[in-house]
Amino acid sequence: MELCALGERPPLGTIPKTMHAFAVRQNRFGEPSNAWKREVLPTPSFGDDEVLIYVMATGINYNNVWAALGRPLDVIAERQKSRGEKEDFHAGGSDCAGIVWAVGRDVRNVKPGDEVVVHSGWWEPGDPWLRSGRDPMLAESTRIWGYQTNYGSYCQFARAQGHQCIPKPQRLTWEQAAAFLLCASTAYRMLMGWAPNVVEKGDVVLVWGAAGGLGSMALQIVRQMGGRPVAVVSSEAKRQFCLDHGAVGVVNRNDFSHWGKMPDTNSLAYNDWVKGTRAFGKAIWDAVGERVSPRIVFEHPGETTLPTSCFACATGGMVVICAGTTGYNVTLDLRYHWMRQKRLQGSHLSNDEQAAAVTKLVADGRVDPCLSQTFSFDEIGHAHQLMLENRHPYGNMAALVNATASGQGARA
Ligand SMILES: NC(=O)c1ccc[n+]([C@@H]2O[C@H](COP(=O)([O-])OP(=O)(O)OC[C@H]3O[C@@H](n4cnc5c(N)ncnc54)[C@H](OP(=O)(O)O)[C@@H]3O)[C@@H](O)[C@H]2O)c1
C-alpha cells in the first residue's frame with residue numbers, strides 16, 4: 001500500500017510506504033503558521049525496542065513552537081550532527097493518543113491493537129546510566145520525543161519506544177487523551193519529583209501561567225496532593241477557570257509592574273523593585289487568607305518572573321523551573337537565597353513512573369485534561385501560532401489526526 005487517506009484504517013499491521021504528516025524544514029523556520037506544512041513523507045522504519053502507532057489525535061505543545069522558530073535549538077541540525085540522521089525535516093508532535101500498529105521484537109509491554117497514550121521521555125536503551133537503574137531523565141542520551149526526535153504525533157504513523165506507551169484512559173475521547181500528558185507529566189515531576197520539596201498537605205504552591213497547559217495541570221495535581229495552589233494569570237477572564245481547577249486564590253500579574261531583570265542592588269531602581277516584589281508577596285498571602293509564603297514556586301516564564309519567584313518563596317522552599325519562555329538570562333538576589341536556604345531546581349519532562357502516575361490521576365477522573373480547543377489536522381500550524389501569541393483560551397489543545405471527528409474513542 002502506497003498511502004492511505006487520513007482516517008482510512010488499513011488492516012492492523014499493514015504499513016503504507018508513505019504517510020501524511022506535518023513538518024518543519026529549515027528554509028521555513030519562523031512564524032509557526034508558515035513553518036508547519038502538511039507533507040507526504042516516507043513512513044518510518046522502527047527498531048527492536050520501538051513501536052509504530054496509528055495516531056488518532058495529537059496534543060499541541062509549546063516545544064513545537066520553538067521547533068518552528070528554529071530557536072533556541074535547530075532540531076534538524078542537532079539530529080543530523082549528534083545522531084547522524086539524514087532527514088532534512090522535523091515531523092514533530094510530543095503528545096499522542098492512538099493504536100499500536102506494529103511492535104519491534106523486544107517490545108513486551110504493548111501489542112498491536114492496544115490503545116495507548118505516549119509520554120515523551122526518550123532515551124538510548126544501551127545508555128550506561130540507564131543500565132545502572134538510575135533516573136533515565138538524567139541520562140546523557142535523553143531526548144524529548146517529537147521535539148528532539150523525528151516522526152512524532154503530527155504523523156499518521158508515529159514512531160516511539162515501547163516504554164513510552166501507557167494504556168489510554170478509557171473514559172477519554174482521542175483528543176482529550178492526546179492533550180494532557182506532556183504538560184501533566186512535566187508538572188507532576190516538578191511537584192512530586194524533588195524530595196524533600198514535594199507537595200504536602202497544606203503547602204502553599206505558587207503556579208505561574210496557571211490557566212495554561214502546565215499551569216492547569218499543576219493546579220489540579222497540587223490540590224490532589226492536599227496543597228493550596230495560588231494561581232497567577234494575566235487577565236480576570238482566567239480567574240474563574242483557576243478557581244474551578246483547584247486554586248485557593250488568584251493573583252493578576254498585570255496589577256504589578258516590576259517584572260524583568262532585577263536592577264543593580266545599589267541602585268534606586270532596586271528599592272522600587274523590592275516594593276513590587278513585597279506587594280506581590282502580600283497579594284499571595286491575601287489569596288491564601290494568611291501570611292504563609294509558597295513552599296514551592298512552579299516556574300516557567302523565567303527571565304521576567306524568576307527574581308520575584310525566588311524572593312516570594314518561603315524559607316527552605318523550592319523554586320522549580322522547566323522553561324524560560326520570556327528569556328534565559330536570569331537574576332536573583334542571592335542574599336535571600338542563601339540566608340533563607342532556598343532551592344532553585346531545574347526540571348525536565350518525566351520518567352516512565354511519573355508519567356504513569358499522572359495518567360492514573362487522569363484515568364481516575366481526579367485530574368481533568370483541560371482540553372480547550374480541538375483543531376483539524378490542517379490547522380496544526382495555526383494552533384502553534386495561537387500558542388506563541390498567548391491567544392489560546394486555557395489549558396491544553398489537540399488536533400485530530402486519523403480520528404474523523406471529535407468525540408470518538410471514549411468508553412464507559
Ligand atoms: N521542560 C519541559 O519538560 C517542559 C514541558 C512543558 C512545557 N515546557 C515549557 O513551558 C512553557 C509553558 O508551556 P505551556 O504549555 O504551559 O504554555 P501555555 O499553555 O502557553 O502557558 C504559558 C502561560 O505562561 C503565561 N505567561 C506568558 N507570558 C508570561 C509572562 N511574561 N510572565 C508570566 N507569565 C507569562 C501565560 O499565562 P498568563 O498570561 O495568564 O499569565 C500562559 O498561559 C513553554 O516555554 C514550554 O516550552 C517545558
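Ligands are counted one by one from 1 in listed order, and the atoms in each one are counted from 1 as well. Quick note: numbers below take in every heavy atom, side chains included, and nothing from hydrogens, waters or symmetry partners. Position 1 is the first residue of the sequence; numbering continues from there. Computed from a predicted structure; not experimentally measured.
Around atom 38 (P) of ligand 1, the closest heavy atom drawn from S185, S234, A218 belongs to S234. By heavy-atom distance, the residue among N254, T326, V232, T325 lying nearest atom 45 (O) of ligand 1 is T325. Residue nearest to atom 10 (O) of ligand 1, selected from L214, L386, N252, L388: L214 (by heavy-atom distance). Nearest residue to atom 9 (C) of ligand 1 from G213, A187, A323 is A323 (criterion: closest heavy atom). By heavy-atom distance, the residue among R253, R189, H348, M217 lying nearest atom 26 (N) of ligand 1 is R253. Looking at G215, G395, A210, G212 and measuring to atom 43 (O) of ligand 1, the nearest heavy atom belongs to G212.
In this structure, the side chain of E175 does not engage the main chain of M56 through any donor-acceptor pair within 3.5 Å.
Residues Q161 and P125 meet the side-chain proximity criterion, which asks for heavy atoms closer than 4.5 Å. Looking only at side-chain heavy atoms (C-beta outward), T43 and W101 stay at 4.5 Å or farther from each other.
A side-chain donor-acceptor contact under 3.5 Å links S33 and Q385. Donor-acceptor pairing under 3.5 Å is lacking for the side chains of Y147 and N61. Using a 3.5 Å distance cut-off with no hydrogens or angles, the side chains of N109 and H163 do not pair a donor with an acceptor. Inspection of the D368 and Q220 side chains reveals no N or O donor paired with an N or O acceptor under 3.5 Å. Counting only N and O atoms by type, the side chains of Q26 and D88 include no donor and acceptor under 3.5 Å apart.
Relative orientation of the F298 and H300 rings is perpendicular, given thresholds of 30° and 60° on the angle between their planes. Ring geometry for Y62 against W66 counts as tilted: the plane angle lies between 30° and 60°, on a 0 to 90° scale.
Ring to ring, W174 and Y54 are not that close: their centroids are 6.0 angstrom or more apart. Between H90 and W36, the distance from one ring center to the other falls under 6.0 angstrom.
Of the N or O atoms in A211, none lie within a sub-3.5 Å distance of an N or O in ligand 1. Polar contact check, K238 against ligand 1: a nitrogen or oxygen pair lies under 3.5 Å apart. Considering both main-chain and side-chain atoms, L182 never comes within under 3.5 Å of ligand 1 through any nitrogen or oxygen pair.
Of the protein's heavy atoms, H300 ND1, 3.6 Å lies nearest to atom 12 (C) of ligand 1. For atom 47 (O) of ligand 1, the nearest protein heavy atom (residue, atom name, distance) is W66 NE1, 3.1 Å. Scanning all protein heavy atoms for the shortest distance to atom 48 (C) of ligand 1 gives C322 O, 3.4 Å. Closest to atom 5 (C) of ligand 1 among all protein heavy atoms lies T186 OG1, 3.3 Å. In this structure, the protein non-hydrogen atom closest to atom 18 (P) of ligand 1 is H392 NE2, 3.5 Å. Nearest to atom 17 (O) of ligand 1 among the protein's heavy atoms is Y62 CD1, 3.6 Å. At the shortest separation from atom 42 (C) of ligand 1 among protein heavy atoms lies N390 OD1, 3.6 Å. Scanning all protein heavy atoms for the shortest distance to atom 25 (C) of ligand 1 gives G209 CA, 3.8 Å.
If you number the atoms of ligand 1 from 1 as listed, the ones under 4.0 Å from a heavy atom of T305 come out as 32 (N), 33 (C). Contact atoms of ligand 1 toward V233: 40 (O), 41 (O) (distance under 4.0 Å to a heavy atom of the residue). If you number the atoms of ligand 1 from 1 as listed, the ones under 4.0 Å from a heavy atom of L349 come out as 2 (C), 3 (O). Heavy-atom proximity to C183, at under 4.0 Å, picks out these atoms of ligand 1: 15 (O).
In summary, R28 and E39 engage in a salt bridge, as defined by a charged side-chain N under 4.0 Å from a carboxylate O.
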